[in-house]
Visitor: 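Pasting a structure here, questions to come.
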Amino acid sequence: MRIVTWNVNSLKARAEHVARFLDQVAPTVLCMQELKLEDDKIPRELFSSRGYHLVHHGQRTYNGVAIASRLPMRDLMIGLPQVEEQESRVIAATIGGLRIVNLYCPQGQNVESPKFEYKLRFYDNLIAWLAKLDEPDLMVTGDLNIAPRACDLFDPIGWRGTPSFHPLEHQRWQRMLDLGLQDAAEEWLPEGTYTFWDYRSRSFERQLGLRIDHFLVTPSVMARTQGAVVHRSVRAEEKASDHAPVQLDLG
DNA sequence: ATGACCGCCGGGGGCGGA
């Protein structure tokens with residue numbers, strides 16, 4: 001089972017990139033974030049014509065998440081239960097017995113911003129929900145907008161205390177680990193592997209990246225992992241998303 | 001080394017992203 005998470009930064013702008021990726025990499029499951037499209041504007045045939053089922057939680061202009069899968073999906077969940085939602089950031093489905101939660105977590109802007117408070121609340125709601133879940137085979141994936149370790153971003157000193165590398169975010173990250181989730185890609189990717197490079201400042205060419213797209217999994221899923229890879233060549237394409245697809249292979 | 005890029009909406013710039 002080949003599972004990929006990819007913040008596409010507009011599915012409309014990235015439709016050809018996504019089609020090419022499906023044809024070349026043929027993931028079993030593709031979790032996407034930042035569709036920036038309403039549900040009725042999703043290019044469904046892009047997926048159906050290639051043999052993929054699609055579930056989506058779209059939104060105009062901002063956010064939006066979807067899961068494309070070659071295998072049937074059941075027990076679809078749109079948003080977190082009992083959490084009032086303004087933004088489309090959560091979708092979950094069970095695929096081949098694996099519960100997959102696909103997230104686009106808030107970025108937080110800066111520590112003084114209400115958006116940072118929102119990010120922390122988002123995580124608190126998420127963790128409270130995860131703590132009550134009873135899913136032995138669970139995967140929490142997506143653009144989590146947290147670089148967990150110093151080696152997961154190019155300038156940990158300069159970034160210390162700013163969103164994506166803030167102690168209050170690392171608290172939340174640790175709470176997810178304390179629930180028994182493990183950073184699956186960390187086990188397979190060399191230190192200094194990134195998944196995001198900002199468009200500004202020629203960050204990709206200069207290797208100024210962050211590892212913020214993740215797979216957090218329960219031990220039974222961890223035991224099935226066979227490898228992980230970041231598709232950096234996709235980030236190098238013309239008109240690429242600022243995130244590269246991240247792949248995790250399960251036996 | 002985040003002013004400098006890209007996509008959104010809308011029809012000109014301003015906002016959001018990390």
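Chain A is the first sequence line, chain B the second, and so forth, proteins listed ahead of strands; every chain is numbered from 1. For clarity, every value in this text was computed on a predicted model and none was experimentally measured.
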Visitor: I want to confirm an ordering. Mapping A/Ala240 and A/Glu87 to their closest nucleotides on DNA chain B, which one lands closer to the 5' end?
Guide: A/Ala240
Visitor: For DNA chain B, determine which residues of residues 188-205 of chain A have any heavy atom closer than 4.0 angstrom to one of its atoms, and list them numerically.
Guide: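 A/Phe196, A/Asp198, A/Tyr199, A/Arg200, A/Ser201 - these, ordered by number, are the residues of the stretch whose heavy atoms sit under 4.0 Å from the strand.
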Visitor: Can A/Leu216 be reached from A/Leu250 by stepping across I, L, V, M, F, W or Y side chains whose heavy atoms are under 4.5 Å apart?
Guide: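 No, A/Leu250 and A/Leu216 fall in different hydrophobic clusters.
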Visitor: So how far is it from A/Ile95 CD1 to A/Met1 CE, rounded to the nearest 0.5 Å?
Guide: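 It comes to 5.5 Å.
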Visitor: Going by heavy atoms closer than 4.0 Å, what residues in residues 153-166 of chain A are next to DNA chain B?
Guide: A/Trp159, A/Ser164
Visitor: Any side-chain N or O of A/Asn110 below 4.0 angstrom from OP1/OP2 of B/dA18?
Guide: no
Visitor: At 4.0 Å (heavy atoms only), tell me whether A/Gln109 reaches a base, stays on the sugar-phosphate, or touches nothing.
Guide: base
Visitor: For the pair made of CD1 in A/Ile146 and C1' in B/dA18, what is the distance, rounded to whole Å?
Guide: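 After rounding, the gap between these two atoms is 12 Å.
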Visitor: Do A/Asp137 and A/Arg99 meet the salt-bridge criterion of a basic N to acidic O distance under 4.0 Å?
Guide: no
Visitor: Can you check the A/Ile212 CD1 to B/dG17 P distance for me, whole Å?
Guide: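 These atoms are roughly 12 Å apart.
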Visitor: Which pair of heavy atoms, one from A/His57 and one from A/Glu85, lies closest together, and at what distance?
Guide: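 Shortest heavy-atom separation between A/His57 and A/Glu85 comes out as NE2-OE1, 3.1 Å.
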Visitor: At under 4.0 Å between heavy atoms, what does A/Asn7 touch on the DNA or RNA strands: base, sugar-phosphate, or nothing?
Guide: sugar-phosphate
Visitor: For the P atoms, the ones on B/dA4 and on B/dA18, what distance do you get once it is rounded to whole angstrom?
Guide: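 Roughly 16 Å separates the two P atoms.
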Visitor: Test of understanding: with side-chain hydrogen bond (donor to acceptor under 3.5 Å, both in side chains), list the residues that count as partners of A/Thr193, not counting sequence neighbours.
Guide: none
Visitor: Return the orientation label for the A/His243 and A/Phe196 ring planes: parallel under 30°, perpendicular over 60°, tilted otherwise.
Guide: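 The rings of A/His243 and A/Phe196 sit tilted, inter-plane angle from 30° to 60°.
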Visitor: Could you tell me the separation between the CG atom of A/Asn145 and the C1' atom of B/dG16, rounded to a whole number of Å?
Guide: 12 Å
Visitor: Would you say B/dA18 has OP1 or OP2 under 4.0 Å from some side-chain N or O of A/Lys115?
Guide: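 Looking at the OP1 and OP2 atoms of B/dA18, neither is under 4.0 Å from any side-chain N or O of A/Lys115.
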Visitor: Could you check how far OH of A/Tyr62 sits from P of B/dC6, rounded to whole Å?
Guide: 19 Å
Visitor: Say we look at B/dC5 and B/dA1: how far apart would their C1' atoms be, to the nearest angstrom?
Guide: 14 Å
Visitor: Measure from NZ on A/Lys119 to P on B/dG17 and round the result to the nearest Å.
Guide: 10 Å
Visitor: Using atom P in both nucleotides, what's the gap between B/dG11 and B/dC15 to the nearest angstrom?
Guide: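 It works out to 16 Å between them.
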Visitor: Under the side chain to side chain contact (heavy atoms under 4.5 Å, CB included) test against A/Gln33, which residue among A/Asn145, A/Thr5, A/Val8, A/Leu103 passes?
Guide: A/Thr5
Visitor: Roughly, in whole Å, what's the span from CD in A/Gln33 to C1' in B/dG17?
Guide: 14 Å
Visitor: Run the side-chain hydrogen bond (donor to acceptor under 3.5 Å, both in side chains) test against A/Glu84 and tell me which residues pass, sequence neighbours left out.
Guide: none
Visitor: Would you indicate what A/Asp143 reaches in the nucleic acid, counting non-hydrogen atoms under 4.0 angstrom: base, sugar-phosphate, or nothing?
Guide: sugar-phosphate
Visitor: If we take the C1' atom in both B/dT2 and B/dG16, what is their distance in whole Å?
Guide: 13 Å
Visitor: Before giving the answer on salt bridge (Lys or Arg N to Asp or Glu O under 4.0 Å), spell out for A/Glu186 and A/Arg149 the whole-Å C-alpha distance, their side-chain angles and the decisive distance to 0.1 Å.
Guide: CA-CA 10 Å; A/Glu186 181 203 69; A/Arg149 306 168 299 172; 3.4 Å; yes
Visitor: For a quick test of reading the model: is some side-chain N or O of A/Tyr104 closer than 4.0 Å to OP1 or OP2 of B/dA18?
Guide: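 Yes.
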Visitor: Report, one pair per line, the protein and nucleotides 8-12 of chain B atoms (nitrogen or oxygen only) whose separation is under 3.5 Å.
Guide:
residue : atom : partner : partner atom : Å
B/dC8   : OP1  : A/Ser10 : OG           : 2.5
B/dC9   : O3'  : A/Arg60 : NH2          : 3.3

Visitor: Pair up each side-chain donor or acceptor in residues 64-80 of chain A with any protein partner under 3.5 Å, not counting sequence neighbours, and list the distances.
Guide:
residue : atom : partner : partner atom : Å
A/Ser69 : OG   : A/Leu71 : N            : 3.0
A/Ser69 : OG   : A/Leu71 : O            : 2.6
A/Arg70 : NE   : A/Tyr52 : OH           : 3.4

Visitor: Rounded to whole angstroms, how far apart are CG on A/Leu210 and C1' on B/dT2?
Guide: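 Nearest whole value for this atom pair: 12 Å.
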Visitor: I'd like to check A/Ile212 versus A/Thr195 (side-chain heavy atoms, cut-off strictly below 4.5 Å). Are they in contact?
Guide: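 Yes, their side chains come closer than 4.5 Å.
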Visitor: For atom C1', what is the distance between B/dG3 and B/dG13, given to the nearest Å?
Guide: 16 Å
Visitor: Mind checking whether A/Leu181 and A/Leu144 sit in one hydrophobic cluster, side chains of I, L, V, M, F, W, Y counted as touching below 4.5 Å?
Guide: yes
Visitor: May I ask you to evaluate whether A/His243 reaches the phosphate of B/dG17, defined as a side-chain N or O under 4.0 Å from OP1 or OP2?
Guide: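 Negative; the distance criterion is not met.
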Visitor: Find the distance A/Gln207:CD to B/dA1:C1' and express it as a whole number of Å.
Guide: 15 Å
Visitor: Shortest non-hydrogen contact from A/Ile42 to A/His56?
Guide: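 Heavy-atom minimum between the residues: CG1-ND1, 3.9 Å.
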